[in-house]
Amino acid sequence: MTQRKILVTSALPYANGSIHIGHLVEYLQTDIWVRFQKMRGHECRYVCADDTHGTPIMIRARQEGITPEALIANSYAEHTQDFADFEIAFDNYSSTNSEHNRVLCNEISAAMADHTEWLPVEQAYCDTCSMFLPDRFVRGTCPACGLQDQYGDSCDNGDTYQPTELLDPACATCGTAPSRKSADHLFFKLEPFRAFLQEWVPGHTQQEIANKLQEWLDGELRPWDISRPEPYFGFEIPGHPGQYFYVWVDAPIGYIGATREWAEREGRDYKEFWQSEDAEIYHFIGKDIVYFHTLFWPAMLKGAGYSTPSSVFVHGFLTVNGEKMSKSKGTFISARTYLDNLGPMYLRYYYACKLGGGVEDIDMNLDDFIKRVNSDLIGKITNVASRGAQMLYKRLDGQLGSIPKNGTQLLRDAQCRAETIAAHYEAREYSKAIVQIREIAESANRYFDEQQPWVTIKSDPEAARGVMTTVLNVFRTIAIYLKPVLPGYVEKVEALFIEEPYSWDSAQQTLENRAIAAYTHLASRIEHKAIEAIIEASRQAPLEPEPEPEVKIEPIADEVSFDEFMKVDLRVAKIVKAEAIEKANKLLRLTVDLGGEERQIIAGIKQAYKPEDLVGRLTVVVANLAPRTMKFGVSEGMVLAAGEGGAELMILSPDDGAKPGQRIS
RNA sequence: GGUGGCUUAGCUCAGUUGGUUAGAGCAACGGAAUCAUAAUCCGUGGGUCCGGGGUUCGAGUCCCUGAGCCACUACCA
């Protein structure tokens, strides 16, 4: 077989949070694939890095009173430790905030110069917040139709416009009127790559993904804004002080940066992988970042004269017990919490059992997790070694004999599966590989039972030795097939047989007439209490992990005079009718009594309140707000509520005694 | 509402381009075994393949339609 040269990446974890078992689906899927390729004798390099730039890192560091550099250093230490403890073996784990990466960003943007251009963008700028306001952060009146309080780029009637054309614009955060400020932004022109992408996508992504991408490719490919003005934590663009590369530019370039760092350390050239016909490049990613990896990224590489990915492998998300990971249910499990209670092999084995080559979500049912591991990995697989090796060591001097006639077929059957299993690994159909492996273990257990060596050892020890020799050779074959999934476990197997690290071809050898080492315990069952401890610890874990910070406390708005305040007419209202708007995800249609007058109000509180729970309640509404025409009718007021939105919304209630229609002042 | 995806045994999942009687593991039940850190083996039961229609000699598989769930997206004045 010719040796392939393969570069593999996993998506870069953001330096603003801990690794959790959802992330691990990807890193374990990738690690298994890489280990498999290495066992096959190919040159396969696995690189990754912390993704360190962008606004959230900047804000978080500010909150913690440390520099962004200190923040990402902490994250780096934590992430690399978690990965190492899960037996994830990177050839290099870097950081996007490295000098290598900065140099590459500059080189690549220079190489792409024909495809990029600086265009002045007049953008809203908030002096209070000292930042440019993205479209969504500006609200105002539509210049085309006069609708009030619209987003910065389009209104509900479908008119589109520039944020700067908006009448009465206001910063969505602090409410002050933004000024207009012009800044140059760097744009990457994607449209010229349409033909390339049309051709590239189908052969380099999974079918499902290609279908989805076709939607995008059928539409307009707008230029991509790839710079951000300061303040921004990232790489400043050469020759453009105060301008930074957008985080989604330097993140994927981080793949190259990590390769370059590795190459330098090893005395190699990163171009062997990134500017060569001979090498293959594979990106493992989650389905949430398909867009960046299959449109912008290949186009960027193409434009800058680099190799484009051989394939982008997309996987689904992890659910736990059939639903999204949840902090309150204790299923938001960090890598560290898991490791505090269980060894990495169990999760590696379980994910391997569940993973296929598609983009479907996988579910980790904790009950199933325990059963699957205990019955397959311990009961079936490890038991083969345990019952064979212990008897041989204790009662037959630990000496393997020859494979007897009754064992040749069994062993040959196990060995013959090598290419089938290899094909499954190659196609990332790990669950199918595991099924094969489990079948081998079953056949070995069956053989052991049929031959009854525990009986024959008394009358014909050499017959028993032959059975043990067969069973242990079969087990050894299983271990070789399992090595990409369970590297730590298989190291113990290599020690048991006193051998060098296995390659895929090792499965074709037969061990006869030689000694084995004393059997050491390979794996224990998962105890229920370990799972309970994990759940309990996850429930109590600090609420730090995933998305942005926590509760955002907005700055107090600018002072208003009493007269100005009195312009807002707040009234006690009684909700007399409430119904869900079928076609909307978040909206309820309320009818409120304002003391003799009934109004219809459309409120975005569907996810937080059931209509029937609202009927009869008193609450507070803005009564003199201009009516707003929506898709589902006119909303004649606004119900006041606090909270982050979604299900996290709390509407206001007056104390007992308030009457509908009374003014609040 | 739009787009894409999913729905097969109590649980987790296989089911090639349509082709005998729809499979596996776990769980359940019955039995055997006692070498193995309670681990094994044999057997049994268990299914409206989400519902409805259609194409076909033949549909879990293809087409239409409905429902439920998931993701992205729109609606929060």
(request) Would you kindly compare A:S524 and A:D368 by the position of their nearest RNA chain B nucleotide and give the one closer to the 5′ end? (result) A:D368
(message) Please pick, from B:C35, B:U12, B:G25, the nucleotide with the shortest atom-to-atom distance to any side-chain atom of A:M391.
(response) B:C35
(request) Tell me whether the OP1 or OP2 atom of B:G5 has a side-chain N or O from A:K287 closer than 4.0 Å. (result) no
(request) Describe the nucleic acid contact of A:R395 in one word from base, sugar-phosphate, nothing, applying a heavy-atom distance below 4.0 Å. (result) nothing
(request) Establish, yes or no, whether a centroid distance under 6.0 Å links the rings of A:F313 and A:F284. (result) yes
(message) Starting the side chain at C-beta, find the nucleotide from B:A24, B:U37, B:C35 nearest to A:Q390.
(response) B:U37
(message) Students often mix this up, so state it plainly: with edges at 30° and 60°, are the rings of A:W224 and A:F296 parallel, tilted or perpendicular?
(response) parallel
(request) Identify whether any heavy atom of A:D376 sits under 4.0 Å from a base atom; if not, whether one sits that close to sugar-phosphate; answer base, sugar-phosphate or nothing. (result) sugar-phosphate
(message) Which nucleotide wins on minimum distance to the side chain of A:D449, given the candidates B:U40, B:A36, B:U37?
(response) B:U40
(request) Give the nucleotide from the list B:C13, B:C41, B:A36 with an atom nearest to the side chain of A:K394. (result) B:A36
(request) Could you check which of B:A24, B:C26, B:U12 has an atom nearest any side-chain atom of A:N365? (result) B:U12
(request) Can you tell me the pairing partner of B:U55 across any strand shown, Watson-Crick or G-U wobble, with both distances under 3.5 angstrom? (result) none
(request) Could you state the atom-to-atom distance from OH of A:Y430 to P of B:G25 in whole Å? (result) 25 Å
(request) Tell me what A:G388 touches on the nucleic acid: a base, only sugar-phosphate, or nothing, going by heavy atoms under 4.0 Å. (result) nothing
(message) Both A:C353 and A:F448 contact RNA chain B. Which one's nearest nucleotide lies toward the 5' end?
(response) A:C353
(message) Say we look at B:U7 and B:G43: how far apart would their P atoms be, to the nearest angstrom?
(response) 31 Å
(message) Which residue in the set A:Q29, A:K287, A:E26 passes side chain to side chain donor-acceptor pair (under 3.5 Å) when paired with A:H315?
(response) A:E26
(request) Look at the side chain of A:K371 and decide which nucleotide, out of B:C35, B:C26, B:U12, has an atom nearest to it. (result) B:C26
(message) Under 4.0 Å, heavy atoms only, any strand: does A:I601 hit a base, just the sugar-phosphate, or nothing?
(response) nothing
(request) Identify the nucleotide, in any strand shown, that forms a Watson-Crick or G-U wobble pair with B:A32, with both distances under 3.5 Å; if there is none, say none. (result) B:U40
(request) Could you check which nucleotide pairs with B:G18 in any of the strands shown, counting Watson-Crick or G-U wobble with both distances under 3.5 Å? (result) none
(message) Rounded to whole Å, how long is the line connecting atom CD1 of A:I434 with atom C1' of B:A14?
(response) 15 Å
(request) Give the rounded distance in Å between these two atoms: NZ of A:K354 and C1' of B:C6. (result) 14 Å
(request) Any strand is fair game: report the nucleotide pairing with B:G66 by Watson-Crick or G-U wobble, both distances under 3.5 Å, or none. (result) B:C50
(request) Could you check which nucleotide pairs with B:G10 in any of the strands shown, counting Watson-Crick or G-U wobble with both distances under 3.5 Å? (result) B:C26
(message) So A:E442, base contact, sugar-phosphate only, or nothing? Heavy-atom distance under 4.0 Å.
(response) sugar-phosphate
(message) In this structure, how many angstroms lie between the C1' atom of B:A24 and the CD atom of A:Q436, rounded?
(response) 12 Å
(request) Consider the side chain of A:N383, meaning its heavy atoms from C-beta on, and name the nucleotide among B:C35, B:U40, B:C13 that approaches it most closely. (result) B:U40
(message) Applying side-chain hydrogen bond (donor to acceptor under 3.5 Å, both in side chains) to A:R387 and A:N445, what does each step give before you reach the verdict?
(response) CA-CA 9 Å; A:R387 62 201 309 209; A:N445 276 312; 2.8 Å; yes
(request) State whether A:R438 places a side-chain N or O below 4.0 Å from either non-bridging phosphate oxygen (OP1 or OP2) of B:A24. (result) no
(request) Identify whether the distance between the nearest side-chain nitrogen and carboxylate oxygen of A:R417 and A:E439 falls below 4.0 Å. (result) yes
(request) Round to the nearest Å and state the distance from A:L590 atom CG to B:C75 atom C1'. (result) 15 Å
(request) Quickly work out the A:E527 CD to B:A38 P distance and round it to whole Å. (result) 11 Å
(request) Using a cut-off of 6.0 Å, state whether more than 12 heavy atoms not belonging to A:K354 lie near its atom NZ. (result) yes
(request) Determine which nucleotide pairs with B:C76, using a 3.5 Å limit on both distances of a Watson-Crick or G-U wobble pair. (result) none
(request) Take atom CZ of A:F292 as the centre, draw a 6.0 Å sphere, and report whether it contains more than 12 heavy atoms from other residues, nucleotides or ligands. (result) yes
(message) So, OP1 or OP2 of B:G15: does either fall under 4.0 Å of a side-chain N or O from A:K432?
(response) yes
(request) Choose from B:U37, B:U40, B:U12 the nucleotide whose nearest atom is closest to any side-chain atom of A:H521. (result) B:U37
(message) Nearest whole Å is fine: how far is B:A38 P from A:N445 CG?
(response) 15 Å
(request) May I have the distance from A:E360 (atom CD) to B:G4 (atom C1'), rounded to whole angstrom? (result) 13 Å
